[in-house]
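We count ligands from 1, going down the list as the structure has it; atoms in each ligand are counted the same way. Here the structure is a predicted model, which is why all the values come from computation and not from measurement.
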Amino acid sequence: MELPETFLRRMQALLGAEFGDFLESYSRPAYQGVRLNPLKCDLDTLRRALPVPLISAPFSPFGYYAPELRKPGSLSAHRAGMFYSQEPSAAAPVTVLDPKPGERVLDLCAAPGGKATQIAGLMRGEGLLWANEVVRERANALLSNLERLGVRNSVISCCHPQRLCEGLRGYFDRVLVDAPCSGEGMFRREPEGIGEWAPESPAACAQRQRRILESAALAVREGGVLVYSTCTFSREENEDVVAAFLREHPEFEPLPINVEFGRPGFDGLSRRVLPMDGGEGHFMAKLRRIGENPCRVRRFDRALNEKQSRPARALYESLFADPPDFPLARAGSRLLALPGELPALGGLGVLRAGMELGEERGNRIEPAHGLFMSRQKAQCRQALDFSPEDPALAAFFRGEEIDCAATGYTAVCVCGVTAGFGKASGGKLKNRYPKGLRSP
Ligand code: SAM
């Protein structure tokens, strides 16, 4: 691996005596990991569905090293949303953010969704996770990942940070800025990124990071928490960005980070993870807003009358044994389940609020893939359950019909975890696995 000379010189100045260990890390393979999705499965189930060694990682209670994992995206456990494939130390910023069920949490730079799905797992479906991504195609990937992991209490938007945070001023208990950066911590994992790095990259990124942080600050309520993170090593993009922000914002104070992993940053307050600490590399700082920030955000207007919500309720009750545990809504022909907590959404680039239940087509309703992904097998009135290696499951993921003795909409599960659905009649299950997700 050919590393840029300027990068190496700077790292030597930064790390001093540890530079040798840092350099040596490039002769070893990058850390591979998975993060279990507690919304859909437990460790026993994941171990049954994913036949590779999983070794606990220190950055999150749900994080594991998985050195033998190959092509995770093609595995049925992945399709069922049992895990998110993630470099282990990438879980560190959300552990520091420490989101709780029932809170309002903003992930401002969220795609493809590693940290947003981790936040969702910790919120256990309660409260509101607002996941924003400014680049449209990346926002679509974010949406798909949140759906795969069965998240139902999220809003997904594609909005410029300034506009979004002005619109939601003072609204959030916790805000994560996992900022776009020069990616120095990704060189081992994605060597093609080395070519995109230039000596000027850290300074250019730092300017953008300062602008994003300025916006993010608006969205934090008084007493709320702001976590800033990057996956790069340069001081310029890390401690220096935070120091400049704190100089200009006396209404924020740094908070100590009480974790076992990594090491203190160069300011003694932030936290760093280096390749010598068991992860590819991450930086994080935790701040609290101590100054007031009145919130004038209007609540979402839930004026949905009983008659309008009846088809959504009927659909839900025809598929699942328990009553819906979320407010219902309708957007044109689409039926939705909304998060319990929701602000007015206009002008904020919202791609989806809550979860799609289904779509009215003439006088019938077609259920949505995301609805089944967010439910447990035990809730489904009808389900087929397969082992990960079952050829029928592979056929289902290719979009083929499979045998099924039942009649009507039926969940398809892997080791007891929902992965999709189909409509059964005449001994066959007509496939409803989304075309864009099918395997070749
Ligand atoms: N948090 C994500 C995760 O864990 O999967 C990774 C986020 S990545 C480090 C940074 C994101 O910021 C990218 O998706 C990028 O498209 C987005 N971004 C780029 N420029 C931006 C800007 N000016 N404002 C906000 N976000 C930006």
Identify each donor-acceptor pair in which a side-chain atom of residues 336-354 lies under 3.5 Å from a protein atom, sequence neighbours left out, and give them as a table.
from : atom 1 : to   : atom 2 : distance (Å)
E341 : OE2    : R104 : NE     : 3.2
E341 : OE2    : R104 : NH2    : 3.1
E341 : OE2    : Y171 : OH     : 2.7
R352 : NH1    : E147 : OE1    : 2.7
R352 : NH2    : E356 : OE1    : 2.8

List the atom pairs, donor and acceptor, that lie under 3.5 Å between side-chain atoms in residues 248-255 and the rest of the protein, sequence neighbours left out.
from : atom 1 : to   : atom 2 : distance (Å)
E248 : OE2    : R210 : NH2    : 3.0
H249 : ND1    : E251 : OE2    : 2.8
H249 : NE2    : E214 : OE1    : 3.0
H249 : NE2    : E214 : OE2    : 2.8
E253 : OE2    : R288 : NE     : 3.1
E253 : OE2    : R288 : NH2    : 2.7

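Without hydrogens or angle criteria, E87 side chain to S89 main chain gives a donor-acceptor distance under 3.5 Å. For the pair D267 (side chain) and S270 (backbone), a donor-acceptor distance under 3.5 Å is present.
Partners of L437 by side chain to side chain contact (heavy atoms under 4.5 Å, CB included), not counting sequence neighbours, listed by chain and number: S144, H369, Y433, P434.
Contact shell of ligand 1 (protein heavy atoms, cutoff 4.0 Å): C109, A110, A111, P112, G113, G114, K115, E133, V134, V135, R138, P161, D178, A179, P180, R208, I212.
The aromatic rings of F421 and F372 lie parallel to each other, their planes meeting at an angle below 30°, with 60° marking the opposite boundary.
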